[in-house]
Amino acid sequence: MRLFRLLKIVRVMWRYGLDQIAVDSLTLPIGITWLRMGRDLSSPRGVRLRQALEDLGPIFVKFGQVLSTRRDLLPEDVAEELAHLQDRVPPFDSELAIRQIETSLGQHPSQLFASFERTPVASASIAQVHLAVLHDGREVAVKVLRPNMRHAIDRDLALLHTAASLVERLWADGKRLRPREVVAEFDKHLHDELDLMREAANASQLRRNFHNSTLLRVPEMYWDYCSQSVIVMERMHGIPISRIDELLAAGIDLKKLSREGVEIFFTQVFSHGFFHADMHPGNIYVGTREHNGGRDFNRYIALDFGIVGTLTDFDKNYLAQNFLAFFRRDYKRVATLHIESGWVPKDTREDELESAIRACCEPIFDRPLSEISFGQVLLRLFQTSRRFNVEVQPQLVLLQKTLLNIEGLGRQLDPDLDLWKTAKPFLERWMQEQVGWQGFQGRLQQEAAHLSQVLPHLPRLLHQALVRQSDNSRTEEAERLRAALAETNRTLAIGLGFLSAAVVALIILAILLRLRLI
């Protein structure tokens with residue numbers, strides 16, 4: 001079976017001329033004249049690569065989507081083309097979905113639900129969605145994992161791992177592009193998505209983070225109906241965000257929506273450190289007046305939570321300081337932050353890195369702010385950073401992908417969106433909260449429970465530390481005394497030895513004199 005799959009992959013690669021792309025990238029002493037053999041190789045390499053991945057099926061499509069986020073590693077033309085990959089996957093048989101539900105939840109859909117729609121409303125590479133109604137009247141969406149996905153994924157991943165190793169050995173840029181690392185990252189994300197309980201937990205966390213927000217709505221998960229291969233959630237009503245004409249007809253304020261999308265993104269990243277990392281148009285709806293009593297009108301609705309990103313406090317602080325330094329065109333500060341963070345080698349010359357960043361950003365800043373692309377700034381920086389051996393952090397790759405999605409959505413809703421102008425006040429306010437008195441109070445409150453346990457023990461802990469220090473000091477003094485005594489003993493022994501020898505010599509001399517032998 002694996003042999004047939006491998007033969008199909010080879011056939012598709014040959015058809016789209018991926019062999020030409022690979023060999024053209026090799027460092028060879030002689031040129032190669034390509035045998036077309038009926039192949040049309042006139043399309044750009046990025047287009048041919050995208051078409052090949054689409055022909056190879058959903059796993060390779062998803063790999064291409066993940067690969068497109070590594071713009072720090074890919075040529076720009078290839079990354080741009082891979083970003084156009086979409087999950088155009090036909091649904092699987094409804095009978096298989098029903099069987100999966102029955103196996104996972106222990107009952108037939110006719111018993112679990114008052115009604116169940118056999119025809120799916122959405123289908124992607126990992127799962128498909130059916131609509132249903134619970135016995136208490138609540139409308140729900142039932143997400144069902146595709147059958148035999150783990151076997152298909154493991155089969156194709158094994159081939160991808162092999163291909164990555166070959167690319168690293170044979171391609172001139174192989175080591176720099178780190179193909180094995182990219183495949184390993186894809187492997188992790190894909191296996192995470194196979195566990196729908198993980199997705200349900202992500203949704204639950206995101207819903208809790210925005211519980212009192214009027215900006216974003218996240219469906220509730222019904223845990224009694226959730227398993228690793230089936231999850232049941234609150235049904236969301238709205239208009240897909242890519243349907244601009246329908247949004248306008250529904251009275252949606254697109255400018256307000258675009259600004260709030262930026263605010264949602266920065267709130268997730270800097271306030272929560274937990275963000276939806278797959279915010280493409282298919283996963284974002286906008287609420288209308290017709291549902292939920294109109295409370296969702298002009299409000300974002302998030303779907304599909306298989307991929308989320310997390311940031312540590314260090315990551316958040318580093319990013320905020322970098323963004324603000326960019327806003328202020330303080331390139332020296334940007335270079336310093338990169339070196340201090342350890343993401344470039346410590347021996348990197350700060351002035352050279354500062355100069356490279358300035359050359360990257362100044363042409364962009366000289367244009368009107370409304371024409372500046374935040375995403376393009378990041379891409380240019382990633383490309384510039386290659387020669388400085390910048391260590392790319394996986395969580396920041398997800399952040400970059402999400403930021404590009406947000407900017408694309410925002411500009412689609414409002415072509416005049418000024419992402420930087422919208423983001424700057426938020427970041428400045430966040431930095432003030434972190435480094436000022438308010439930030440100190442907040443951290444003190446967070447640590448209050450821990451401090452309440454530690455503080456009563458401080459006197460005893462301090463006394464124990466002093467006793468240990470005193471004991472150590474006494475021990476060290478005793479050691480010094482013992483060493484001095486030992487040295488004295490050695491000196492005395494040597495002295496006594498010499499004295500004894502002298503006395504013996506004198507006695508012998510006296511005897512000899514008495515005997516008149518000398």
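Numbers for residues simply follow the sequence, beginning at 1. Nothing here was measured: the structure is a model prediction, and the numbers come from that model.
Atoms CE and CE, from Met197 and Met221 in turn, are 10.5 Å apart once rounded to the nearest 0.5 Å. With rounding to the nearest 0.5 angstrom, the CD atom of Glu54 is 8.0 Å from the OH atom of Tyr16. The structure places CZ of Arg15 at 5.0 Å from CG of Asp55, a figure rounded to the nearest 0.5 Å. With values rounded to the nearest 0.5 angstrom, Leu247 atom CG is found 7.0 Å from Ile241 atom CD1. Note that CD of Glu139 and CZ of Arg235 are 5.0 Å apart. Values are rounded to the nearest 0.5 Å. Put simply, CG on Leu134 and OG on Ser115 are 9.0 Å apart, with the number rounded to the nearest 0.5 Å.
Of the possible polar contacts, one joining the Arg48 side chain to the Ser43 backbone as a donor-acceptor pair under 3.5 Å is found. With Gln205 contributing its side chain and Asn202 its backbone, the two residues share no donor-acceptor pair below 3.5 Å. A side-chain donor-acceptor contact under 3.5 Å links His276 to the backbone of Leu303. For the pair Ser258 (side chain) and Lys255 (backbone), a donor-acceptor distance under 3.5 Å is present. When atom types are taken as modelled, the side chain of Glu199 and the backbone of Phe305 share a donor-acceptor pair closer than 3.5 angstrom. Looking at Ser204, its side chain never comes within 3.5 Å of a backbone N or O of Ala200 through a donor-acceptor pair. Side-chain N or O atoms of Asp253 include one that pairs as donor or acceptor with a backbone N or O of Lys256 at under 3.5 Å. Panel note: side chain Arg146, backbone Ala127; no donor-acceptor pair is recorded below 3.5 Å. Distance alone, capped at 3.5 Å, is enough to place a donor-acceptor pair between the His135 side chain and the Gln111 backbone. Panel note: side chain Glu81, backbone Gly46; no donor-acceptor pair is recorded below 3.5 Å.
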Would Tyr222 and Val140 count as a side chain to side chain contact (heavy atoms under 4.5 Å, CB included) if you check the C-alpha gap in whole Å, the side-chain angles of each, and the deciding distance to 0.1 Å? CA-CA 9 Å; Tyr222 299 128; Val140 296; 3.3 Å; yes
Go through the steps to decide whether Leu215 and Arg299 satisfy the test side chain to side chain contact (heavy atoms under 4.5 Å, CB included), and finish with yes or no. CA-CA 6 Å; Leu215 301 176; Arg299 187 181 184 187; 5.9 Å; no
Thr288 and Glu290: side chain to side chain donor-acceptor pair (under 3.5 Å), yes or no, with the steps? CA-CA 6 Å; Thr288 62; Glu290 285 73 26; 3.0 Å; yes
Asn292 and Arg295: side chain to side chain contact (heavy atoms under 4.5 Å, CB included), yes or no, with the steps? CA-CA 6 Å; Asn292 197 27; Arg295 291 187 295 275; 2.8 Å; yes
Go through the steps for Asp296 and Tyr285 under the test side chain to side chain donor-acceptor pair (under 3.5 Å), then give the verdict. CA-CA 10 Å; Asp296 290 341; Tyr285 279 25; over 6 Å; no
Could you walk me through whether Arg155 and Leu157 satisfy the side chain to side chain contact (heavy atoms under 4.5 Å, CB included) test, starting with their C-alpha distance in whole Å, then the side-chain angles of each, then the deciding distance to 0.1 Å, before giving a yes or no? CA-CA 6 Å; Arg155 178 196 62 192; Leu157 279 173; over 6 Å; no
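Heavy atoms only, all atoms of each residue included: Ile101 and Leu112 are closest at CG2-CD1, 3.8 Å. Closest non-hydrogen pair, His130 versus Ala97, comes out as NE2-CB, 3.6 Å. Minimum interatomic distance between Ile307 and Glu193 (heavy atoms only, all atoms of both residues): CD1-OE2, 3.7 Å. Looking at every heavy atom in both residues, Asp278 comes nearest to Asp304 through OD2-OD2, 4.3 Å. Minimum heavy-atom separation, Gly287 to Ile252: O-CD1, 3.6 Å. For the pair Ile284 and Ala302, the tightest heavy-atom approach, listed with the atom from each and the gap, is CD1-CA, 4.4 Å.
At a threshold of 4.5 Å between non-hydrogen side-chain atoms, the residues Leu206 and Phe274 count as touching. At least one side-chain heavy atom of Ser227 sits under 4.5 Å from a side-chain heavy atom of Leu105. Annotation: side chain of Val142 is in contact with side chain of Val230 (closest heavy-atom distance under 4.5 Å). A heavy-atom distance below 4.5 Å is found between the side chains of Ser94 and Pro120. When side chains are defined from C-beta on, Leu257 counts as touching Asn298, because their heavy atoms get closer than 4.5 Å. Looking at heavy atoms from C-beta onward, Arg207 lies in side-chain contact with Glu234 at the 4.5 angstrom threshold. Within the 4.5 Å cutoff, the side chain of Val78 has heavy atoms near those of the Arg45 side chain. Taking the side chain as every heavy atom from C-beta outward, Ser110 and Phe116 never approach each other to under 4.5 Å.
The aromatic rings of Phe275 and Phe265 sit perpendicular, their planes meeting at an angle over 60°, well past the 30° parallel limit. Taking the six-membered ring where tryptophan is involved, the planes of Phe210 and His272 are perpendicular, since the angle between them exceeds 60° and thus also 30°.
A salt bridge is absent between Arg150 and Asp154; no separation between the charged side-chain nitrogens and carboxylate oxygens falls under 4.0 Å.
Both tests hold for Arg289 against Phe297: distance to the six-membered ring centre under 6.0 Å, angle to the ring axis within 45°.
A 6.0 Å sphere centred on CG of Asn148 holds no more than 12 heavy atoms belonging to other residues, nucleotides or ligands.
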